[in-house]
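Computed from a predicted structure; not experimentally measured. The chains referred to below are lettered A, B, ... by the order of the sequence lines, with proteins before strands, and numbering in each begins at 1.
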There are 2 protein chains.
Amino acid sequence: MDRRQQKTRKSIFNAFILLLSQKNYNKITVQEIIDEANVGRSTFYEHFETKDDLLKALCEELFGHILSSAMDCTHTHGLYSNGSAPESVFCHLLQHLQENDNNILALLSCESSDIFLRYFKDSLSQLIKTQFITQNSHINKNLPEDFLINHISGSFVEMVLWWTKGQMKHTPEELDCYFRAVTEPIL
Amino acid sequence: MDRRQQKTRKSIFNAFILLLSQKNYNKITVQEIIDEANVGRSTFYEHFETKDDLLKALCEELFGHILSSAMDCTHTHGLYSNGSAPESVFCHLLQHLQENDNNILALLSCESSDIFLRYFKDSLSQLIKTQFITQNSHINKNLPEDFLINHISGSFVEMVLWWTKGQMKHTPEELDCYFRAVTEPIL
DNA sequence: TTCATTACAGAACAAATTGTTCACTTTCAT
DNA sequence: ATGAAAGTGAACAATTTGTTCTGTAATGAA
């Protein structure tokens, strides 16, 4: 990819993230994005078809990394590692979020964070689903599998939302502990 | 309130709900709303300042009823009634939703359902909070109270989302049973 | 370094949307 | 019946969107 393209793409992403931290997604105009990114109007539309397209591209870029990283972790350890805490996939995810690559925390705590958490949850559900199939520890409960998957992934993103909205006054390790406390008893 | 106002307001609400079942909130224009509602442009703006204002008014109208009804239920029975199922506030809420007053189910299963569930969750959190204060059954756990409240309300709306997205192939009683299975063990 | 390719800038453009205003008509409550 | 309140419909400026164009500058390969 041309260096110019990389630079432009990154400028637009950064401008977009900055604006998202200031106002609602719906209220952001393409004009504001290109002003902040300092790129021409036609340039924007050569990179992205619409504002929604930009949003989608941003989500894919950000959560692609995180989820694939988590996927590796899951392969070696399972969803929860048997026994002690630190290798939990969920803890791994939380730590990864706290590292704040690409300013992802700005997105998860902004006014439109729902959009990103929804995207995150969908990816997370798929991850958990594959894990459930190999694990089967839940069969003895008479709860529908897709209900359980939805509950786990949903609870996780709701926790992340609570975490970020409250200025993140907890460590990933504490959160992981809380999450285990409310999910392990039901598996 | 004048009959004309009632009629106009209801027309706009219905048109809005219909459109929400067809396309994303962001993509709906005021022009489409007034065409569908068959009211004049100036009339719309006499009732609502903006589209966002309409959304807020709709939420207040719909969830106002449901939540106040649940509030009464909570006062007499507590969050979960001691012992047997049918008086559970959550079951009551689900039954209320299934009655589909004002076509609320169309909103909870539409593309923009997040918006409504978010509003619903905020109201629900307040309800649960007051209940927790009087109940205190969770003090022995070392989980932050606001984390627990967020977890309960969050799990509930995620369940409702799962329910509606899956064409509601479950009864409120079944859902209540599932919900108890994943929340009672942690209280 | 040269040079063809590719990306960007910037302006202009039509179309759509928003929110306001105003003169007019209809409906309501008494 | 009549004044008051509500709705109509058209017109309006101001934004916003997405496209198209010409000219300029950066890139990467030979």
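When the side chain to side chain donor-acceptor pair (under 3.5 Å) test is applied to A:Asp53, no partner is found at least two apart in sequence or on another chain. Remark: A:Glu99 pairs with no residue by the side chain to side chain donor-acceptor pair (under 3.5 Å) rule, at least two apart or across chains. With sequence neighbours excluded, the residues that form a side-chain contact (heavy atoms from CB on, under 4.5 Å) with B:Gln98 are B:Trp163, B:Pro172. Every side chain to side chain donor-acceptor pair (under 3.5 Å) that A:Arg4 has, sequence neighbours left out, goes to A:Asp2. Remark: B:Asp122 pairs with no residue by the salt bridge (charged side-chain N to carboxylate O under 4.0 Å, His left out) rule, at least two apart or across chains. Partners of B:Ser153 under the side chain to side chain donor-acceptor pair (under 3.5 Å) rule, at least two apart in sequence or in another chain, are B:Ser125.
Taking 4.0 Å as the cut-off between side-chain N and carboxylate O, B:Glu32 and B:Arg41 do not count as a salt-bridged pair. A salt bridge does not link A:Asp114 with A:Lys121: every distance from a Lys NZ or Arg NE/NH1/NH2 to an Asp or Glu carboxylate oxygen is 4.0 Å or more.
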inquiry  = Within the 4.0 Å limit for protein heavy atoms, which parts of nucleotides 12-23 of chain C are touched? Write it as a string from 5' to 3', B for base, S for sugar-phosphate only, - for none.
reply    = -----SBBBB--
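In 5' to 3' order, the nucleotides of DNA chain D bounding all contacts with chain A (an atom under 4.0 Å from a heavy atom) are D:dT16 to D:dG28.
Residue contacts shown for A:Asn38 are limited to sugar-phosphate atoms, with no base heavy atom under 4.0 Å away.
Side-chain contact annotation: B:Ser113 with B:Lys165, donor-acceptor N/O pair under 3.5 Å present. In this structure, a donor-acceptor pair under 3.5 Å is present between the side chains of A:Gln95 and A:Glu173.
Each ring-ring contact (aromatic ring centres under 6.0 Å, His included) pair with one or both residues in residues 12-31 of chain A, not counting sequence neighbours, appears once here: A:Phe13-A:Phe48.
Residues from residues 6-21 of chain A placing a heavy atom under 4.0 Å of any atom in DNA chain D do not occur.
Each end of the helix from C:dT1-D:dA30 to C:dT30-D:dA1 gets its own rotation axis from five pairs of C1' atoms, and the angle between them is 40° to the nearest 10 degrees.
In this structure, CG of A:Asp2 is placed 6 Å from P of C:dA7, rounded to the nearest angstrom.
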task = Assess whether ring-ring contact (aromatic ring centres under 6.0 Å, His included) is satisfied between B:His170 and B:Tyr178, documenting all intermediate values.
result = CA-CA 10 Å; B:His170 299 80; B:Tyr178 300 159; 5.7 Å; yes
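Listed candidates were C:dT6, C:dC28, C:dA9. Nearest to the side chain of B:Arg4 is C:dC28.
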Which atom pairs, donor and acceptor, lie under 3.5 Å between side-chain atoms of residues 55-65 of chain A and protein residues at least two apart or in another chain?
unit_1  : atom_1 : unit_2  : atom_2 : d
A:Glu61 : OE1    : A:Arg9  : NH2    : 3.1
A:His65 : ND1    : A:Glu61 : O      : 3.3

